[in-house]
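Labels below follow one simple rule: chain letters A, B, ... track the order of the sequence lines, proteins then strands, and each chain is numbered from 1.
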There are 2 protein chains.
Amino acid sequence: MTTDYSGSGDVSKSLELLWGMQQRPTRGPKPGLTLERIVDAAIEVADADGLAALSMRRVAAHLGVGTMSLYRYVPGKGELLDLMLDRVAGPVDDDPGEESAGWRATLEELARGTWQMCMKHPWYPQVDQVRPLLGPNNIAGMERIVRRLKPTGLSDQQLVLMISVVDGFVTTIARSHVNALQAEQRTGISEEDFWAAQEPVLVKMMETGRFPTLAALDENTFTFSYEDVFEFGLTTILDGLAVLVEGGGAPATG
Amino acid sequence: MTTDYSGSGDVSKSLELLWGMQQRPTRGPKPGLTLERIVDAAIEVADADGLAALSMRRVAAHLGVGTMSLYRYVPGKGELLDLMLDRVAGPVDDDPGEESAGWRATLEELARGTWQMCMKHPWYPQVDQVRPLLGPNNIAGMERIVRRLKPTGLSDQQLVLMISVVDGFVTTIARSHVNALQAEQRTGISEEDFWAAQEPVLVKMMETGRFPTLAALDENTFTFSYEDVFEFGLTTILDGLAVLVEGGGAPATG
DNA sequence: GCTTAAGTGCGTACATCGTACCCGGTTCAG
DNA sequence: CTGAACCGGGTACGATGTACGCACTTAAGC
């Protein structure tokens with residue numbers, strides 16, 4: 001597995017496990033583990049040492065069992081990842097008092113909630129969710145957010161597109177952020193040292209006069225943080241969606 | 001290497017190779033390979049069989065040489081990846097006739113250009129560019145785009161943030177798109193079959209009445225393509241940036 | 001209570017990866 | 001002509017996911 005994808009295992013098997021559809025067999029010895037404990041252990045390993053360190057051997061060692069024992073509970077690593085993803089997606093506390101909040105507050109809350117979850121589980125944004133498995137927590141979260149966006153009067157497809165754009169943006173910035181943090185640990189080179197290493201060559205090239213615009217940039221041009229990008233991008237996207245939602249006479253494609 | 005990152009090798013070494021600062025040693029036999037041929041071969045392998053199939057062994061085999069011979073030219077796989085990234089970023093044909101185009105046309109052109117490059121080299125958006133190496137082609141592209149955005153009168157930092165948001169968005173959607181395409185090949189399960197596999201469980205859960213909003217969604221809610229998301233998101237972002245650039249009396253607070 | 005089939009725990013083995021290390025052959029500076 | 005520097009590349013190591021098979025445990029059927 002070069003990169004980690006959702007939905008890379010047996011989809012039906014994953015769904016059965018997600019929705020708790022397994023029936024306990026009657027014969028044979030009682031299992032010493034539970035699915036829950038395995039998923040928890042996997043999340044702990046990934047939280048502590050990163051997605052790259054998440055291996056079946058590590059999870060088993062964390063539980064004090066043999067590696068191959070895990071395969072009695074989970075078909076493979078792909079399915080385990082799907083279970084981890086739905087686990088950290090919830091549960092959502094469905095506060096009925098917030099029903100009346102506007103679309104903008106709803107999307108902003110979604111964005112900030114996802115951001116904080118990514119900070120707590122840095123491996124989450126590193127998983128490519130091209131084929132998301134619809135587990136209980138993901139479905140519940142979707143239900144909640146769509147319900148609160150309904151009053152905008154947009155089409156269902158437009159609602160889902162709005163959510164996709166906002167959530168995709170947040171996950172992307174979060175991934176960049178955690179990648180940067182982990183790059184420091186992985187390489188032993190701090191962000192500052194990395195850019196400092198490029199400076200000599202950069203300065204040399206700027207002095208050639210081939211890049212006049214870049215050479216004349218302000219000193220503080222690149223001093224923003226990932227949080228700054230998050231705020232800038234979120235404002236931009238919400239402003240852009242306002243044109244669509246509030247029919248601001250803009251040339252929206254519909 | 002679980003995931004592929006830019007700037008994961010020796011930064012100084014990569015920069016020397018990128019800017020062609022190696023001096024040919026006088027002694028010893030003439031090299032049978034060139035850096036260019038190795039980078040080209042690596043790109044061909046990645047284009048044809050995906051980033052996961054890009055290995056030193058495959059590149060060497062493609063060139064008809066022993067695996068370890070590559071290490072005479074490139075310090076390691078990380079540095080090779082950096083060279084590949086700058087290679088496909090250019091060269092840009094610097095058309096002076098387009099200087100006068102507005103900021104919106106400039107960013108839209110950037111977005112569509114990046115998108116097309118990602119379609120030609122599907123591995124490109126799969127590389128996490130947390131620590132981009134500033135090679136000649138990347139620098140030239142940056143110079144060109146910043147020069148064309150200067151007339152907006154925004155601060156240099158805001159210009160770079162605009163570029164970050166647009167480029168980050170395009171790369172993200174492109175990655176999702178190519179991941180979806182490759183998931184079909186990797187798993188042998190088409191996108192349709194994947195969703196069809198989830199349907200029985202979904203229908204069952206919708207019938208429980210726990211998710212009334214989702215159960216009532218239009219049939220065509222999820223029928224959009226990645227191109228649709230690209231267009232929707234691009235319009236949204238450009239509309240949002242218009243609020244910033246044109247200082248518009250747009251409904252910012254919503 | 002005995003047999004037997006199912007289930008559990010897990011050790012071993014294999015293919016794949018990047019690359020450290022080493023050796024033999026080649027080329028030119030002195 | 002000698003020796004240092006360089007090229008090509010074979011071998012080996014530790015890591016990964018997991019297929020396979022074996023020993024042990026349990027409860028159903030008699």
Would you mind writing out the side-chain donor-acceptor pairs for residues 161-172 of chain A within the sub-3.5 Å range, not counting sequence neighbours?
| from | atom 1 | to | atom 2 | distance (Å) |
| --- | --- | --- | --- | --- |
| A/Ser164 | OG | A/Val160 | O | 3.0 |
| A/Asp167 | OD1 | A/Thr114 | OG1 | 3.3 |
| A/Thr171 | OG1 | A/Asp167 | O | 2.8 |
| A/Thr172 | OG1 | A/Gly168 | O | 2.7 |
| A/Thr172 | OG1 | B/Thr172 | OG1 | 3.1 |

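Regarding A/Tyr5, its OH atom lies at a distance of 16 Å from the P atom of D/dG17, rounded to whole Å. In this structure, A/Arg58 atom CZ and D/dA15 atom P are separated by 12 Å, rounded to whole Å. Straight-line distance from the CE atom of A/Met56 to the C1' atom of D/dA15: 16 Å, rounded to whole Å. What separates CD of A/Glu79 from P of D/dG17 is a distance of 13 Å, to the nearest Å. In this structure, B/Tyr71 places its OH atom 11 Å from P of C/dC17, rounding to the nearest Å. A/Leu63 places its CG atom 11 Å from the P atom of C/dG9, with the value rounded to the nearest Å. The nearest whole Å value for the distance from the CE atom in A/Met68 to the P atom in D/dT16 is 14 Å. Between the CG atom of A/Leu33 and the P atom of C/dT8 there is a distance of 11 Å, given to the nearest Å.
Listed for the B/Lys77 side chain is a donor-acceptor partner under 3.5 Å among the backbone atoms of B/Leu54. At distances below 3.5 Å, not a single donor-acceptor pair connects side-chain atoms of A/Gln185 with backbone N or O atoms of A/Gln182.
For B/Lys30, no side-chain nitrogen or oxygen approaches OP1 or OP2 of D/dC6 to under 4.0 Å. OP1 or OP2 of C/dC17 has at least one side-chain nitrogen or oxygen of B/Ser55 nearer than 4.0 Å.
Among the heavy atoms of the strands lying under 4.0 Å from B/Gly66 are primed sugar atoms or P, OP1, OP2 only; no base atom is included. Residue contacts shown for A/Leu54 are limited to sugar-phosphate atoms, with no base heavy atom under 4.0 Å away. If you check every strand for non-hydrogen atoms under 4.0 Å, B/Ser69 touches a base.
Using a 4.0 Å cut-off between charged nitrogen and carboxylate oxygen, B/Asp40 and B/Arg87 count as a salt-bridge pair. In summary, B/Lys13 and B/Asp82 do not engage in a salt bridge, as defined by a charged side-chain N under 4.0 Å from a carboxylate O.
Each of B/Gly32 and B/Arg27 lies near DNA chain D, and the nucleotide nearest B/Arg27 is the one positioned closer to the 5' end. If you find the closest nucleotide of DNA chain C to B/Gly76 and to A/Gly64, the one lying nearer the 5' end belongs to A/Gly64.
Between the side chain of B/Arg72 and the base of D/dG8 there is at least one donor-acceptor pair of N/O atoms closer than 3.5 Å.
Considering only side-chain atoms of A/Arg57, the nucleotide from D/dT18, C/dT19, D/dG9 that sits closest is D/dT18.
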